[in-house]
Amino acid sequence: MIDGLRAIAMTGIKRLIRRRFAEVQTVSTQTLKRWLDQDPNSVMLWDARSLEEYAVSHLPNAQLAPLTIAEVRSKGVAQLEQLGSVPIVVYCSVGYRSARLIHEIQTLKPVEMYNLEGSL
């Protein structure tokens, strides 16, 4: 019963994220796995969670997102110049923080970024 409720809640959260951040592209875990299996350097992984959450666990080869939403807003485009041509996949616990970070970055500069569907 509890697993069923969790699945229903997660479905609702995914819908909310898709509605709120409709312009943010998503990638499934299966597609991400395929990309990484083909070439581990084909994408960059950003963890949009807090430093404390990242310290507990994170995906292999993921780095803590180098920008917070506040930093994107305050530093603007200059901070985004460091982003290369490799697509960036961003994740968090459920997908909201990562979608929000992608949205903020893309309002300043078009960068190929994807929100990991369902996140961790």
Side-chain angles (χ1 to χ4, degrees):
M1 167 117 175
I2 291 178
D3 286 340
L5 292 175
R6 283 188 187 137
I8 291 169
M10 193 61 190
T11 300
I13 290 168
K14 285 180 184 179
R15 279 193 204 126
L16 170 72
I17 293 167
R18 282 191 209 115
R19 255 191 315 240
R20 174 69 177 86
F21 304 106
E23 74 289 350
V24 171
Q25 294 182 4
T26 61
V27 65
S28 70
T29 54
Q30 295 86 1
T31 299
L32 176 60
K33 181 182 182 323
R34 190 175 70 246
W35 289 349
L36 292 172
D37 286 346
Q38 289 172 356
D39 180 2
N41 298 314
S42 63
V43 297
M44 186 180 304
L45 293 174
W46 282 7
D47 189 322
R49 299 174 305 155
S50 70
L51 177 59
E52 294 78 17
E53 291 170 295
Y54 179 84
V56 170
S57 68
H58 56 271
L59 293 178
N61 300 319
Q63 65 180 38
L64 191 60
L67 298 165
T68 64
I69 291 169
E71 289 170 335
V72 171
R73 289 179 178 165
S74 67
K75 295 179 181 177
V77 178
Q79 187 72 15
L80 300 176
E81 295 304 320
Q82 69 183 359
L83 301 180
S85 59
V86 176
I88 301 169
V89 175
V90 187
Y91 68 89
C92 63
S93 298
V94 296
Y96 190 87
R97 286 180 284 182
S98 49
R100 187 171 169 212
L101 178 61
I102 293 168
H103 170 78
E104 291 294 329
I105 289 172
Q106 291 182 333
T107 59
L108 297 175
K109 179 181 179 182
V111 177
E112 187 177 1
M113 299 182 87
Y114 300 90
N115 192 25
L116 184 58
E117 181 79 16
S119 282
L120 294 182

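Basis for what follows: all heavy atoms, side chains included, without hydrogens, waters or symmetry-related copies. From a predicted model like this one, the values you see are computed outputs, not experimental measurements.
- For the salt bridge (Lys or Arg N to Asp or Glu O under 4.0 Å) condition, the pairs that include at least one residue of residues 86-98, sequence neighbours left out, are E53-R97.
- Here salt bridge (Lys or Arg N to Asp or Glu O under 4.0 Å) pairs that include residues 16-33, with residues two or more places apart or in two chains, are R18-E117, K33-D37.
- The shortest side-chain heavy-atom distance between L45 and L36 falls under the 4.5 Å cut-off.
- Of all non-hydrogen atoms in G95 and N115, the two that sit nearest each other are O-ND2, 3.0 Å.
- For the side chain to side chain donor-acceptor pair (under 3.5 Å) test, no residue two or more places apart in sequence or in another chain qualifies with S42.
- E112 pairs by the salt bridge (charged side-chain N to carboxylate O under 4.0 Å, His left out) definition with nothing, not counting sequence neighbours.
- To the nearest 0.5 Å, atom CZ of residue R49 and atom NE2 of residue H58 are 8.5 Å apart.
- When atom types are taken as modelled, the side chain of Y91 and the backbone of A62 share no donor-acceptor pair closer than 3.5 angstrom.
- Residues satisfying the side chain to side chain contact (heavy atoms under 4.5 Å, CB included) criterion with N41, sequence neighbours excluded, are D39.
- What you find for S98 and A48 is that their closest heavy atoms are CA-CB, 4.0 Å.
- Each salt bridge (Lys or Arg N to Asp or Glu O under 4.0 Å) pair with one or both residues in residues 54-66, not counting sequence neighbours, would appear here, but there are none.
- With sequence neighbours excluded, no residue forms a salt bridge (charged side-chain N to carboxylate O under 4.0 Å, His left out) with R34.
- Sorted by first and then second residue, the salt bridge (Lys or Arg N to Asp or Glu O under 4.0 Å) pairs involving residues 56-69 (not counting sequence neighbours) form an empty list.
- Chaining together hydrophobic side chains whose heavy atoms lie under 4.5 Å apart places Y54 alongside L51, L64.
- Pairs of residues two or more places apart, or lying in two chains, that qualify as ring pair (Phe, Tyr, Trp, His ring centres under 6.0 Å) and include a residue from residues 12-43 are F21-Y96, F21-H103, W35-Y114.
- V72 and E104 get closest at one heavy-atom pair: CG1-O, 3.7 Å.
- By the side chain to side chain contact (heavy atoms under 4.5 Å, CB included) test, A65 is found to be paired with W46, L101, residues two or more places apart in sequence or in another chain being considered.
- The shortest side-chain heavy-atom distance between L116 and V90 does not fall under the 4.5 Å cut-off.
- Scanning for side chain to side chain donor-acceptor pair (under 3.5 Å) contacts around Q38 gives an empty result, with sequence neighbours left out.
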